[in-house]
There are 2 protein chains.
Amino acid sequence: MRAESTFLAAYDPTAFPPVAVTVDIVVLTIRDGALHVLLIERAEHPYRGRLALPGGFVQDETLAEAARRELAEETGLRPGEAALARVHLEQLRTYGDPGRDPRMRVMSVAYLGFAPSLPDPRAGGDAATVAWVPVDDVLELAFDHDIVLADGLERARAKLEYTPLGRAFLGPEFTIGELRAVYAAVWGEQLHPGNFHRKVLSVPGFVESTGGTTSRGGERGGPRARLYRAGDATLLHPALLRPTREEQVR
Amino acid sequence: MRAESTFLAAYDPTAFPPVAVTVDIVVLTIRDGALHVLLIERAEHPYRGRLALPGGFVQDETLAEAARRELAEETGLRPGEAALARVHLEQLRTYGDPGRDPRMRVMSVAYLGFAPSLPDPRAGGDAATVAWVPVDDVLELAFDHDIVLADGLERARAKLEYTPLGRAFLGPEFTIGELRAVYAAVWGEQLHPGNFHRKVLSVPGFVESTGGTTSRGGERGGPRARLYRAGDATLLHPALLRPTREEQVR
DNA sequence: TTGAGTAATACTCACTTCGAGAAGAAGTTA
DNA sequence: TAACTTCTTCTCGAAGTGAGTATTACTCAA
């Protein structure tokens with residue numbers, strides 16, 4: 001496409017077939033020690049009755065605003081809600097191949113979200129079912145959402161390695177054990193408690209002590225744990241690498 | 001946006017304001033030891049005379065196909081060209097905030113490309129100027145392309161750490177020194193030759209020996225170097241981390 | 001009240017990786 | 001032939017890692 005025709009065509013939108021732009025959101029959270037994703041059940045064709053990622057059309061707003069608005073609508077949280085503001089949202093990638101939606105060409109800008117524990121979602125104004133679903137139970141989503149979810153999970157697993165975003169799954173104060181449970185849930189593997197403890201405390205700016213402890217031990221015993229809050233690091237150095245990746249690399 | 005209204009609106013594209021979808025490409029290459037990016041000079045308003053990233057409207061094709069087509073058009077390479085096929089292209093991110101293009105709402109899906117040495121670009125059928133520009137000389141691009149370029153550079157720098165994509169800047173056979181020059185150009189720092197050598201050879205699947213050597217030493221002396229080709233790794237483990245990131249992390 | 005079990009935290013130890021530096025060999029140009 | 005450059009291989013101490021152990025403080029249930 002040349003510069004001139006770009007210029008002219010831009011003033012004549014009908015020169016190109018219509019394209020719809022949506023955001024779809026892969027919001028992850030931890031419930032009962034397992035990684036869950038927010039899914040809706042589609043009430044209409046195509047893919048009626050199938051589960052899908054929440055999403056919708058982009059209005060006169062930025063893409064990030066569209067994603068946060070959709071998140072608020074689907075979780076039933078008020079836009080001003082504190083819990084909503086603590087959800088980390090970042091752009092994942094864009095899916096726009098012809099034919100991914102049978103109705104028309106739809107460009108879907110996918111966002112990835114990390115949420116702390118949220119109440120059960122109330123369905124929006126319509127009758128659509130909304131629920132947190134364990135990612136291991138997800139099967140055959142609508143459209144190309146299986147791929148979107150897989151991309152989101154891989155991004156999430158990688159992000160936990162070299163950013164402190166695992167904190168986004170927790171409240172403002174947390175224990176090292178809770179943080180370790182986040183890593184275990186996202187990565188799907190158990191981690192060595194002693195080594196994890198040592199690593200988290202050795203990375204500058206990952207967590208900082210509040211001075212307090214939990215008011216009681218764990219559910220099945222054990223001493224009280226010290227409480228930490230988020231530090232000011234935006235990257236982890238050194239990173240916390242996933243174990244046993246040797247085989248998968250090649 | 002609710003499921004029903006989504007469904008209905010999708011059958012009535014006029015229910016939403018028109019959106020144009022383009023791809024813009026950040027193609028990087030190494031020339032004379034410096035990192036260069038392919039830029040065009042805009043022939044028309046807006047931003048007439050300003051440099052911009054090459055790009056254009058998405059037609060009835062996948063996004064990746066659109067990016068490769070634009071790349072071929074702007075570099076003047078034939079679509080079947082071998083050099084073109086060796087350019088690594090991956091999606092960077094999507095820029096779609098209102099107002100980023102004064103004419104209408106434009107969603108730009110940016111792609112990032114790593115190219116081996118290519119001939120000087122011949123401008124396409126139109127008069128637009130196309131050229132490789134050292135990234136350090138780039139200043140005030142059109143639209144939000146400064147941000148796109150900055151995002152692309154950061155992605156490129158990070159990708160070199162944990163993927164073998166630095167090879168994409170080189171030909172099918174290369175020396176460790178040439179690979180080191182790629183890293184130095186992209187990261188903008190000199191690297192310890194001995195340590196780099198050790199690391200590259202110690203990462204499984206990064207490079208494999210061809211058994212041959214260069215036919216003569218370097219331009220300013222030194223022995224002949226052994227030749228290597230790409231190995232089969234898709235991720236580097238352990239990674240080659242950038243030096244001196246301690247300060248930037250927080 | 002006590003005992004069994006659990007988890008937080010802090011060690012040790014062998015191994016790997018890293019940055020910095022040095023050195024030898026093999027090539028270049030002047 | 002001399003001066004210089006670069007490839008390649010070492011060495012050494014510092015730092016980081018996985019696996020395991022130990023101590024202590026808590027839980028629940030008998």
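The sequence lines fix the lettering, A, B, ..., with proteins before strands; numbering per chain opens at 1. Keep in mind that this is a model prediction, so the values were computed, not measured.
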Determine the minimum heavy-atom distance between B:Tyr111 and B:Ala64, stating which atoms define it.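 That closest heavy-atom pairing would be OH-N, 3.4 Å.
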More than 12 heavy atoms of other residues, nucleotides or ligands under 6.0 Å from CD of B:Glu81: is that the case?
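Yes, enclosed.
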**Report entry** Span of DNA chain D, from the first to the last nucleotide whose atoms fall under 4.0 Å of chain B heavy atoms
**Finding:**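 The contact span of chain B on DNA chain D goes from D:dT5 to D:dT11.
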For A:Ala72, which residues count as a side-chain contact (heavy atoms from CB on, under 4.5 Å) partner, sequence neighbours excluded?
->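 Partners of A:Ala72 under the side-chain contact (heavy atoms from CB on, under 4.5 Å) test: A:Leu84.
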Less than 4.0 Å between a side-chain N and a carboxylate O, is that true for B:Arg157 and B:Glu161?
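So B:Glu161 does not pair with B:Arg157 through a salt bridge.
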Salt bridge flag under 4.0 Å for residues A:Glu208 and A:Arg167:
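Salt bridge between A:Glu208 and A:Arg167, a charged N being under 4.0 Å from a carboxylate O: no.
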DNA chain C-proximal residues of residues 207-222 of chain A, any heavy atom under 4.0 Å: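 Under 4.0 Å from DNA chain C: A:Arg220, A:Gly221, A:Gly222.
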I need the residues from residues 163-181 of chain A with at least one non-hydrogen atom less than 4.0 Å from DNA chain C; give them sorted by number, or say none.
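A:Gly177, A:Arg180, in order of number.
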For A:Pro223 and A:Leu201, take the nucleotide of DNA chain C holding the closest heavy atom to each; which residue's nucleotide lies nearer the 5' end?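 So the residue in question is A:Pro223.
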With ring pair (Phe, Tyr, Trp, His ring centres under 6.0 Å) as the rule and sequence neighbours excluded, what pairs involving residues 73-97 of chain A come up?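 Of all non-adjacent pairs touching residues 73-97 of chain A, those that pass ring pair (Phe, Tyr, Trp, His ring centres under 6.0 Å) are A:His88-A:Phe114.
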Next on the checklist: What is the first contacted nucleotide of DNA chain C and what is the last, in 5' to 3' order, if contact means an atom lying under 4.0 angstrom from a heavy atom of chain A?
Outcome noted: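 Footprint of chain A along DNA chain C, 5' to 3': C:dG5 to C:dT12.
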* Tell me, please, which residues at least two apart from A:His197 pass ring pair (Phe, Tyr, Trp, His ring centres under 6.0 Å). =>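 Listed in chain order: nothing, the list is empty.
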A:Phe196: what forms a ring pair (Phe, Tyr, Trp, His ring centres under 6.0 Å) with it, not counting sequence neighbours?
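Here the qualifying residues are A:Tyr183.
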- Item | Inter- and intrachain pairs under salt bridge (charged side-chain N to carboxylate O under 4.0 Å, His left out), touching residues 172-185 of chain A, at least two apart |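 Sorted pair list comes back empty.
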- [ ] Any pair with a residue in residues 130-146 of chain A that passes salt bridge (charged side-chain N to carboxylate O under 4.0 Å, His left out), sequence neighbours left out, goes on the list, sorted by first then second residue, please.
- [x]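 Matches after skipping sequence neighbours: A:Arg50-A:Glu140, A:Arg100-A:Asp144.
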Which part of the nucleic acid, if any, lies within contact of A:His197, taking any heavy atom under 4.0 Å across all strands shown: a base, the sugar-phosphate backbone alone, or nothing?
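The residue A:His197 makes sugar-phosphate contact but no base contact.
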Q. If you look at every strand shown and take non-hydrogen atoms under 4.0 Å, does B:Arg226 touch a base, only sugar-phosphate, or nothing?
A.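 Since only primed, P, OP1 and OP2 atoms lie under 4.0 Å of B:Arg226, the category is sugar-phosphate.
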Discussion item. Run the side-chain contact (heavy atoms from CB on, under 4.5 Å) test on B:Leu89 and B:Ile25 for me, step by step, so that the C-alpha distance in whole Å, both residues' side-chain angles and the decisive distance to 0.1 Å come before the verdict.
Written reply: CA-CA 9 Å; B:Leu89 269 182; B:Ile25 319 181; 4.0 Å; yes
For residues 27-36 of chain A, run the donor-acceptor check on the side chains, cut-off 3.5 Å, and write out each pair with its distance to 0.1 Å, sequence neighbours left out.
from: A:Thr29; atom 1: OG1; to: A:Ala115; atom 2: O; distance (Å): 2.8
from: A:Thr29; atom 1: OG1; to: A:Pro116; atom 2: O; distance (Å): 3.2
from: A:Arg31; atom 1: NH1; to: A:Asp120; atom 2: OD1; distance (Å): 3.0
from: A:Arg31; atom 1: NH2; to: A:Leu118; atom 2: O; distance (Å): 2.9
from: A:His36; atom 1: ND1; to: A:Ala34; atom 2: O; distance (Å): 2.8

Side-chain donor-acceptor pairs of residues 217-228 of chain A under 3.5 Å, sequence neighbours excluded:
from: A:Arg224; atom 1: NE; to: A:Ser215; atom 2: O; distance (Å): 3.3
from: A:Arg224; atom 1: NH2; to: A:Ser215; atom 2: O; distance (Å): 3.4

